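Labels below follow one simple rule: chain letters A, B, ... track the order of the sequence lines, proteins then strands, and each chain is numbered from 1. Note that these values count all heavy atoms, side chains included, but never hydrogens, waters or copies made by symmetry. Being a predicted model, the structure only gives us computed values, none of them experimental.
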Protein chains: 2
Amino acid sequence: MSDSRPIAVDAMGGDHAPHEIVAGAVHAVRERGLSVVLVGAPRVLYEALADHDATKEVPIVRAEEALAMDEGALASLRRPRSSIAIACHLVRRGDAAAVVSAGSTAGIVATGRLRLKGQQGVLRPAIAVAFPTLPTPTVLLDAGANAEVKPEMLVQFAQLGATYAELAHGIHEPRVGLLTIGSEAEKGDKLVRRAHELLQGTTGLNFVGNVEGHDLLTGKVDVITTDGFTGNVALKTVEGAVRYAFAELREAVEESRLARLGALMQRSRIRDLRRRLDPEAYGGAVLLGLNGTVVIAHGSSRAQGISAACRLAADIAAAGVVSTIGDRMAATGRSHRLW
Amino acid sequence: MSDSRPIAVDAMGGDHAPHEIVAGAVHAVRERGLSVVLVGAPRVLYEALADHDATKEVPIVRAEEALAMDEGALASLRRPRSSIAIACHLVRRGDAAAVVSAGSTAGIVATGRLRLKGQQGVLRPAIAVAFPTLPTPTVLLDAGANAEVKPEMLVQFAQLGATYAELAHGIHEPRVGLLTIGSEAEKGDKLVRRAHELLQGTTGLNFVGNVEGHDLLTGKVDVITTDGFTGNVALKTVEGAVRYAFAELREAVEESRLARLGALMQRSRIRDLRRRLDPEAYGGAVLLGLNGTVVIAHGSSRAQGISAACRLAADIAAAGVVSTIGDRMAATGRSHRLW
């Protein structure tokens with residue numbers, strides 16, 4: 001399943017836009033063989049492409065406006081010609097296979113919902129992130145699209161995440177866990193207790209029970225469903241804790257002269273490891289449940305992160321995640337049996 | 001400010017009770033010069049003490065029953081003679097300075113609330129944990145006592161945590177942050193938006209604004225207030241992520257023969273570091289807002305963890321955390337000004 005349509009990259013979103021975004025797009029084209037269009041202010045983008053001698057390799061689609069990083073959902077409604085809105089429009093029209101943006105998460109979610117619309121039957125689109133557990137990643141969702149949810153949404157997040165884990169990571173009958181604060185069914189707040197009951201009664205879903213914060217990186221389950229508030233705190237806590245552990249380690253190594261030799265020897269290994277734990281390297285988050293593939297790259301993404309996000313977007317589009325979710329939603333609407 | 005009364009250690013609570021608990025109590029007496037009583041089944045405890053030749057160093061207080069690790073709040077109500085209930089009773093009667101238990105958190109919280117009662121004016125006791133940030137720790141609360149809270153409780157957790165940070169860690173006017181999913185005031189769910197307003201209007205509190213998951217270990221603030229659901233997920237996520245980072249690191253080192261030499265050289269440094277990041281080493285969590293000091297050691301605590309928890313309990317009792325919280329609550333009741 002391949003898709004010759006390009007990835008529409010929002011060139012104006014992100015802490016390091018547009019230069020690092022352009023560099024990432026060029027990298028995706030040259031090193032990964034992907035087809036990419038850049039969406040944003042033409043003159044700026046042309047000049048940035050010229051720095052890479054890439055003006056003929058990456059087309060530009062004009063967008064007069066951009067959402068600032070501190071602009072949220074409301075601003076996106078007032079900006080039909082923002083770079084993220086135009087990128088979504090390209091997907092909607094069938095001219096692009098997927099959107100990649102490192103812009104403000106709230107702005108991307110709001111624009112995506114407005115321009116691409118939620119898929120039929122989807123209560124709320126959700127942000128899925130993949131933790132680099134082995135042998136296969138663990139998908140957590142919702143990582144921040146919906147701060148307040150109902151129990152039924154937690155069930156649907158589980159279904160979206162399971163389809164994603166199956167198609168994007170090749171996991172057969174993904175094990176689904178519900179994030180809470182104790183492994184027994186009665187633990188947690190009202191929301192998760194009710195969601196637990198609903199998940200147990202959902203056919204077609206391999207629900208294995210409650211999981212806790214320390215299970216995020218153990219590979220105990222393949223999909224973790226939670227509300228967007230808890231999920232966002234958990235995701236950022238993982239990032240912060242891993243960064244902290246490495247910083248402390250570097251300090252411990254540098255304090256000792258003997259150890260410095262050891263550090264030198266390990267340098268490439270440590271670098272490999274950091275890369276695997278680095279949110280930039282695994283390409284960002286995916287907004288599931290819309291009529292189109294949207295990948296949300298980390299706001300601080302540099303060229304490597306954008307390039308990895310383009311790869312992820314192309315893979316998801318090729319795997320048919322959106323159409324499979326659509327098929328299953330339609331089947332659920334008819335028979336309540338296919339999930 | 002010293003307190004000659006002993007620490008009452010629940011000898012029957014914890015994954016490794018009673019032997020590791022007894023070993024920890026003996027360590028606290030011999031190596032830390034603390035006064036300790038063990039609460040539990042006399043014969044078993046006597047024999048365990050005999051293994052350390054310590055039957056004359058650590059008194060035993062009889063408790064016929066124990067709460068199992070999987071027993072929660074309800075069971076504690078039916079067990080007035082459990083080891084944790086008797087330990088609380090010793091504090092209530094003034095015969096012990098503080099309680100230490102590695103038993104089930106839900107059981108300790110419920111028993112503490114029942115036997116020691118909440119302090120006048122305290123809406124809900126909260127579990128405070130101290131992350132080992134530098135130069136001073138960062139206190140997070142609530143780490144799991146209250147899965148569902150009201151905005152007013154988040155304000156009070158901030159007040160409890162600030163008093164604790166001040167007295168236990170010597171931090172002048174501790175900076176307080178509200179855990180949410182964006183740094184702007186309007187981010188988050190209804191609960192945190194309302195709590196943000198209330199915190200801004202609370203005099204005597206150094207509220208510096210919202211913090212996110214990646215701020216837990218940066219030392220950006222001294223106290224982080226959150227509901228017990230989010231706090232518990234965040235705490236366990238930190239523990240899991242740090243464990244993951246070290247495990248991955250060890251694997252990366254072991255894969256390379258050259259690197260193994262480096263690992264050998266670093267071994268003691270790495271061990272020091274792991275100890276600082278290890279929840280056992282920093283002694284556990286503190287239940288604030290009760291008429292008595294209660295330290296909740298990690299359920300998996302071994303002797304070192306119990307001994308560290310005894311040190312923490314003695315320090316908190318000596319610092320007068322409970323009486324200062326009581327004074328401030330009383331003052332708030334009169335004037336609404338002293339916090």
Requested in this report: Output the option from A:Gly213, A:Ala147, A:Gly144 having the highest count of non-hydrogen pairs under 4.5 Å with chain B.
Outcome: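 Sorted descending by pairs with chain B, the first entry is A:Gly213.
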Query raised in the report: So which of A:Thr180, A:Thr230, A:Ile181 actually passes side-chain contact (heavy atoms from CB on, under 4.5 Å) with B:Asn232?
Result: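 For B:Asn232, the side-chain contact (heavy atoms from CB on, under 4.5 Å) check succeeds only for A:Ile181.
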Requested in this report: Please name the pair of heavy atoms, one in B:Phe229 and one in A:Leu179, separated by the smallest distance, quoted to 0.1 Å.
Outcome: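 For B:Phe229 and A:Leu179, the tightest heavy-atom pair comes out as CZ-O, 3.6 Å.
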**Report entry** Nearest heavy-atom neighbours spanning B:Ala234 and A:Thr237
**Finding:**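 Of all heavy-atom pairs spanning B:Ala234 and A:Thr237, the closest is O-CG2, 3.6 Å.
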**Report entry** CG on B:Leu235 to CD on A:Glu212, rounded to 0.5 Å
**Finding:**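 So the CD of A:Glu212 and the CG of B:Leu235 are separated by 10.5 Å.
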**Report entry** Distance (rounded to the nearest 0.5 Å) between B:Arg243 CZ and A:His214 NE2
**Finding:**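 The NE2 atom of A:His214 is 7.0 Å from CZ of B:Arg243, to the nearest 0.5 Å.
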Query raised in the report: Is it the side chain or the backbone of B:Leu216 that comes within 4.5 Å of chain A heavy atoms, both, or neither?
Result: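 The side chain, not the backbone.
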